[in-house]
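No experiment lies behind these values; they were computed from the predicted model shown.
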Amino acid sequence: MANEPGVTRSSGFDEWVTPHLTTLRRYAVMLDATRDPDDLVQDTLERAWKKWWTYSPDRGSARTWLIAIAADRARRRRVRSPRLHLVELEAVPTPVESDSTDWSGQLDVRNAIARLPRRQKQAVLLFYYVDLNVRDVAEIMGCAPGTVKSTMSDARLKLAELLGDQS
Amino acid sequence: MIDVDRVLRVDADTWQRAVDSGVRGSPGRQTHHRRMAALVASVFVLAAAILALTLAVSSDKQTAGPTSTKVGGALRGFTWVDPDFRVGTVVFGRKTANVSDGCSGGLRKLHVTGRTLTIGRLIGRATTCAGSAGGSTAGRNRFDHVVQGRLRWSVAGRRLTLTRPDGESITLVRNDVPAASIVGERWILTRVDDRTERKIPGPYRGATFLISSGRLRASDLCNVITADVRITATTIRFSRTATTARACPDLGRVSDVIDAVLLGEREFSIFNGKLYISGRSAGLLVYVRAR
C-alpha cells in the first residue's frame, strides 16, 4: 500500500530514510566520487521526498527504491555533464592501516575487480562494498537471487585467478 | 588458495570506513582528521559528563521537566502538536507562545515560573481559518480548553504534557523540525520545479521568503505576496491577503509556480538547511537561508 499522503508525510520521512543513508552514500560515492556524492545524496533525498507517497513496499525494499532513484539522478547528471563518468573504487582514498591482517591492498583487489565482466563487477560492488544483501542486489540487477549468487561465485573464481597471478 | 570472500570483505570494510567517515584527502590528512575528531570527541565526552553531573545535582525527584525557569531548549522554537487531532499546535518563544487549534489562534503572552507556565492574553494578530479547518470541532474545543491560562508542564523525551489546575491535561508531541528555524529568517529561492517536476532554470534573483509574526512576505520576482500563515508540524497554510500588481516583464513560469505554491496548505520540510515547500501538482520551491 502506498504511503498515505497527508500531514504525517514529512515528519515520518526523516525516520524512514535515516537507516538507509549510509548505504545510499556509499552507493553515491561509487557512482559519483569525482564530483560530490553528498550532492547526489541530497538530490536523491529531494526526489524521494517528493515521490515518497508513491512508494509501496510491494514494489521492493526502501533501500533499493532509494538506490534506484540515486542511479537515475546520477544518470541524469552524466547526460547533463558528459565529462562525468562512472568512477570505480579507486577514486576514494583508503586510509593507511597498520593492521597486519589487512593484506588485501598488497593484492590490488580493486584492480582485479575492475577487470571483471560488467555483471560480475556490479554484483561484487553492490554486495561487498555497498553492503546490500543478495535480495536487494537481485532487485537492482533485475534478476533472481540465485542468479546473483552464481554471478558472485563466478566473480570470486575469476578474482582468485587474477589475485593468484599477482601474489 | 586465496580466500577471495575474506579478501573482498576486508577491502570493502576498509573502503566503507573511508567513505563513511567522509575522508576525501590524502592519508596523512586523514590521520590528522582522525586525531582532531578524537580530540573533539574527548571534549564532548567531558562536557557531557559535566552537564550530566550538573543536572544530577540540581534535579529533584520529579525529573520530567527542566528546572530552569526559562523556556529553554526543551520547549522553545519547536512546534508542539496535538497527536490526536494533529491540528492544534503551540510554538514557544521566550516570552510568547503562538497557539493555534488548527482554526483560530494567535500570539499570546507567556510567563514561566519553574514548572508552571501561563499562556495569557492575545498580543498578536488573531487568525481564523478560511474554509474548512482540519480536525474535529471536539478536538479543537478540548485543545482550546486546556491550552490556556496557568498550566503545569513537563517534558519527557519528545512529549510535552500540559496540566490544568483541575487535573485535565493534554500531551503534545514535538515536531522534529524547529519552527523557529523557519520563522523570522529570510530565505532565498534557489530552485523551482514546475508541475512536471522539471527544474525551471534560474536565476531567481530577488525571490525571497520571510515569515514573521504570523505573516508571510514573499516575492515572485516582481510582485510582493503577503499572506497569513499557520504552521503545523508538517504544513504551512498560506491565506493570501494581498499581492501587489506591478506591470512585470514576462518572467515565464517561475512567477506562476511561486504564486501557485504559496497558496493554500502546503507541506514543508528541511533537509541540510534547505527549506522545501511542496505544492504537489503546483510545483516545488527550494529556499536557502539568506546570509
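- If you take CZ on A:R156 and CG on B:L8, they are separated by 8.0 Å, rounding to the nearest 0.5 Å.
- Partner of A:Y128 under the side chain to side chain contact (heavy atoms under 4.5 Å, CB included) criterion, out of B:V10, B:D5, B:D13: B:D5 alone.
- In this structure, A:D131 has no side-chain hydrogen bond (donor to acceptor under 3.5 Å, both in side chains) partners at least two apart in sequence or on a different chain.
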Distance-only check: which donor-acceptor pairs under 3.5 Å involve side-chain atoms of residues 134-146 of chain A, not counting sequence neighbours?
{"residue": "A:D136", "atom": "OD1", "partner": "A:S61", "partner atom": "OG", "Å": "3.2"}
{"residue": "A:E139", "atom": "OE1", "partner": "A:T64", "partner atom": "OG1", "Å": "2.7"}

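- With values rounded to the nearest 0.5 angstrom, B:S278 atom OG is found 10.0 Å from A:W53 atom CH2.
- Side-chain contact annotation: B:D11 with A:Y129, donor-acceptor N/O pair under 3.5 Å present.
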Exercise for the section: Start with the C-alpha gap between A:W49 and B:L284, add the side-chain angles, then the distance that decides, and say whether side chain to side chain contact (heavy atoms under 4.5 Å, CB included) holds. Expected result: CA-CA 11 Å; A:W49 182 66; B:L284 174 82; 3.8 Å; yes
